[in-house]
2 protein chains.
Amino acid sequence: MTKKRNVTLKEIALKLDLSISTISRALNNHPDISPETVERVNKLATELNYAPNIFAKGFRTHRTHIIGVIVPNVSHLYTSTMLKGVLDQAEHLGYRVIISESKNNENKQVEMLQTMIQFGVDGVIMSLAKKTQSIDTILQLLEHIPLVLFDKVSPKIPCTQVVINEEAAAFNAVEHLIETGKKRIAIIKETENSFNSKKRFEGYQRALKTYNLPIDEKVILSTEDISITNGRRLTNILLSLKNKPDAIFAITDNAAIGAIKALHKFKIKIPEEIAVVGFSNSINSTIVSPALTTVDQPGNKIGKTAVKYLINEIENSKPEVLFKTITVNTNLIVRDSSFKA
Amino acid sequence: MTKKRNVTLKEIALKLDLSISTISRALNNHPDISPETVERVNKLATELNYAPNIFAKGFRTHRTHIIGVIVPNVSHLYTSTMLKGVLDQAEHLGYRVIISESKNNENKQVEMLQTMIQFGVDGVIMSLAKKTQSIDTILQLLEHIPLVLFDKVSPKIPCTQVVINEEAAAFNAVEHLIETGKKRIAIIKETENSFNSKKRFEGYQRALKTYNLPIDEKVILSTEDISITNGRRLTNILLSLKNKPDAIFAITDNAAIGAIKALHKFKIKIPEEIAVVGFSNSINSTIVSPALTTVDQPGNKIGKTAVKYLINEIENSKPEVLFKTITVNTNLIVRDSSFKA
DNA sequence: AACGTTTGTGCAAACGTTTGCAATATATCT
DNA sequence: AGATATATTGCAAACGTTTGCACAAACGTT
């Protein structure tokens with residue numbers, strides 16, 4: 001493949017009878033070049049369609065204007081919504097984005113992080129792989145590069161983190177069920193206490209306490225893999241109880257959909273007999289019937305916010321950075337699975 | 001941010017009392033370095049955790065080992081499945097991936113293509129924006145860089161293209177309906193003849209002809225935006241006909257889901273009265289009830305294949321390249337919406 | 001008149017790598 | 001032994017950019 005050679009500073013310098021350094025400075029708005037010279041240089045540069053050689057530049061400046069993104073799985077709808085936000089915001093701020101999948105594998109995760117650093121990205125945005133344990137390597141790598149965590153985060157890693165108000169969102173969801181008259185609300189959550197699962201569970205507990213409802217272990221079910229199938233399976237368990245719940249709060253849309261399928265099977269009326277609420281506002285939540293009441297997570301906004309903070313860190317490297325946790329708000333979207341008007 | 005300095009060839013050279021060039025050659029398996037030297041160099045290199053400075057390298061070689069991907073919208077499930085394939089295969093072959101969205105905007109599309117080229121990617125994989133008209137700029141840019149089109153392609157662009165067997169897939173889908181005894185099969189397609197829509201329509205027509213069924217314009221409906229809502233709307237039109245169809249082939253899962261919703265509304269039995277078949281095997285197709293019969297498009301494989309061909313073109317730049325169209329096979333997945341066992 | 005200041009520009013080194021060519025040492029051949 | 005081939009290695013240039021420093025001219029200040 002014969003790529004045409006690009007215009008260089010040298011050529012411009014030659015044509016204008018100036019030195020290379022002057023051209024460089026003119027194009028970079030260096031203060032001590034005279035306005036007229038800047039003018040002339042800019043004119044010719046655009047005329048010749050000059051574009052700086054990104055490698056020579058990166059080589060000198062150690063800046064690439066690339067940010068890396070590492071997520072467990074790109075093909076989850078929610079993830080790709082966040083990616084969209086990242087891409088938009090990055091482009092807007094003049095950065096490009098390299099994306100990798102950790103596939104929820106911890107080793108792969110640090111490996112990707114390493115190659116990205118080695119590759120020279122200016123910063124990394126990451127959503128942690130499930131069961132991320134060995135924080136050590138990550139902590140080490142943190143010395144090399146600015147990192148922002150989003151979605152799946154960990155308080156053990158000292159860096160900026162962008163999350164939704166998991167706890168409050170769960171609280172609202174459960175509160176909504178209580179307000180519609182439900183008294184025995186089950187929860188389907190994850191076994192291992194991922195950050196998200198834990199927070200949502202806390203919100204669930206707080207809601208029950210606030211409204212003086214008993215917390216009953218029997219209707220608190222957990223699963224390793226929070227999928228449709230497991231949502232269904234756990235719901236079957238709930239249905240086998242003597243004292244059945246009158247509502248199910250599933251920590252995930254998929255689990256909620258599984259629940260609905262199980263309830264369908266037993267011809268149980270939703271929401272009259274048992275109401276269901278999910279979490280994510282995935283497309284599926286509108287397709288299942290009855291349509292699912294769920295928590296809308298603004299993935300787009302999360303992505304954008306993460307980029308904004310990362311680039312801020314990259315560009316204003318203060319000696320003492322204060323790492324914040326940024327919370328993006330969610331909305332409860334009420335549909336037929338919990339309340340019929 | 002204080003990035004730690006990396007190990008360089010120079011340091012290795014110093015420690016081994018060899019020249020920089022020898023080190024470089026040893027690490028690149030150049031044939032005229034003695035085996036022992038190669039051994040020593042490799043040993044020390046891994047020991048020091050040497051990683052070549054990607055910028056110095058790209059600077060010299062004009063190779064970045066990055067490939068660019070441009071798609072209309074990352075947050076479509078099918079797209080993100082293809083992306084997954086791209087990421088996997090690229091990583092496997094030692095490349096990294098930069099992703100951009102064209103947002104189905106033609107100008108944005110060429111703009112992205114340009115910045116990617118300017119940025120120095122080794123090649124680009126692209127799925128065309130809807131209504132891509134001005135092929136000219138793309139043809140020009142083609143001189144600068146290897147390009148592979150996938151999914152949304154155009155025969156007007158002379159480059160390798162990776163697609164599914166749209167026509168045959170549609171044929172099979174319609175054939176399946178005919179085999180279950182359906183005689184009046186409607187189709188819901190796109191107004192503008194996108195490559196995909198056109199091919200699928202051709203398959204539809206061929207199937208009817210093959211089985212000597214009449215082609216009736218009345219049950220051939222089109223829409224600009226092939227969404228759930230429009231699937232529903234067009235199905236309502238079909239239901240208002242005197243002579244109703246006994247099956248609907250929707251060119252897209254979403255349209256098919258819209259159709260199912262419309263049929264539900266009128267309490268029409270699926271598939272007994274009217275069967276429905278979609279296209280894509282999106283997750284939704286299993287969530288809707290009855291579960292949707294659909295064409296499984298192996299997005300993953302398409303992504304992988306595209307990368308394979310692109311990298312082949314990048315690495316073996318023959319003077320005369322023969323541009324192929326690669327066809328990836330699909331499967332019809334039969335579910336309850338068309339046939340109950 | 002001599003000096004400092006400011007303004008605009010150029011020189012040349014540096015970043016880390018690859019690579020054509022030269023150089024040396026060793027082996028092979030007459 | 002002398003000459004020629006072969007196997008290893010080193011030298012130095014080149015890639016395009018940025019940047020510390022030096023320089024010159026023009027001006028204002030004593």
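Note that the coordinates shown come from a computational prediction; the quantities given were computed from them, not determined experimentally. Chain A is the first sequence line, chain B the second, and so forth, proteins listed ahead of strands; every chain is numbered from 1.
Comparing Ala56(B) and Ser19(B) by the nucleotide of DNA chain D that holds the closest heavy atom to each, the one mapping nearer the 5' end is Ser19(B). Remark on DNA chain C: of its neighbouring residues Thr22(B) and Asp32(A), the 5'-side contact belongs to Asp32(A), judged by nearest-heavy-atom nucleotide.
Distances were taken from every side-chain heavy atom of Leu9(A) (C-beta onward) to each of dC11(C), dT18(D), dT9(D); the shortest belongs to dT18(D). Of the listed nucleotides (dG16(C), dT8(D), dG8(C)), dT8(D) has the atom at the smallest distance from the side chain of Ser34(B).
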Could you walk me through whether Asp88(B) and Lys103(A) pass the salt bridge (charged side-chain N to carboxylate O under 4.0 Å, His left out) test, one step at a time? CA-CA 10 Å; Asp88(B) 280 0; Lys103(A) 297 180 192 304; 2.7 Å; yes
Evaluation steps, side-chain contact (heavy atoms from CB on, under 4.5 Å), between Arg63(B) and Glu315(B): CA-CA 10 Å; Arg63(B) 286 284 307 281; Glu315(B) 298 189 344; 4.1 Å; yes
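Donor-acceptor pairing under 3.5 Å, judged by distance alone, is absent between the side chain of Arg25(A) and the base of dG8(C). Between the side chain of Thr61(B) and the base of dC15(D), no donor-acceptor pair of N or O atoms lies under 3.5 Å.
Under 3.5 Å, the side chains of Thr64(B) and Asp122(B) contain a donor-acceptor pair of N or O atoms. Counted by atom type alone, Lys131(B) and Asn104(B) present zero donor-acceptor pairs between their side chains at under 3.5 Å. Between the side chains of Glu91(B) and Ser100(A), no donor-acceptor pair of N or O atoms lies under 3.5 Å.
In this entry the distance linking CG of Leu48(A) with C1' of dG16(D) reads 16 Å, nearest Å. The interatomic distance linking Lys10(A) (NZ) with dC11(C) (P) rounds to 13 Å, in whole Å. His30(B) places its NE2 atom 12 Å from the C1' atom of dC21(C), with the value rounded to the nearest Å. The nearest whole Å value for the distance from the CD1 atom in Ile23(A) to the P atom in dC11(C) is 12 Å. As rounded to whole Å, 15 Å separates atom C1' of dT18(D) from atom CG of Asn29(A). One atom, NE2 of His62(B), and another, P of dA14(D), lie 15 Å apart when rounded to the nearest Å. Whole-Å rounding puts the Arg60(B) CZ to dA12(D) P distance at 16 Å. When the C1' atom of dC15(C) is taken as reference, atom CD of Glu11(B) falls 13 Å away, rounded to whole Å.
Applying the 4.0 Å criterion to OP1 and OP2 of dT9(D), one finds that Thr37(B) has a side-chain N or O inside that range. Distances shown here put every side-chain N or O of Tyr50(B) at or beyond 4.0 Å from the OP1 or OP2 atom of dG16(C). When the side-chain nitrogen and oxygen atoms of Ser21(A) are compared with OP1 and OP2 of dT18(D), none of them lie within a distance under 4.0 Å. Between Lys57(A) and dT18(D), a side-chain N or O to OP1/OP2 separation shorter than 4.0 Å is present. In this model, the phosphate group of dC15(D) is not approached by any side-chain N or O of Asn53(A) to a distance below 4.0 Å at OP1 or OP2. Look at Ser24(A) and you won't find any side-chain N or O under 4.0 angstrom from OP1 or OP2 of dT17(D).
Annotation: Lys301(A), atom NZ; neighbour count of heavy atoms from other residues, nucleotides and ligands within 6.0 Å does not exceed 12.
As the counterpart of dT17(C), dA14(D) is assigned, both hydrogen-bonding distances of the Watson-Crick or G-U wobble pattern falling under 3.5 Å.
Across all strands, Ile20(B) comes closer than 4.0 Å to base atoms (heavy-atom distances).
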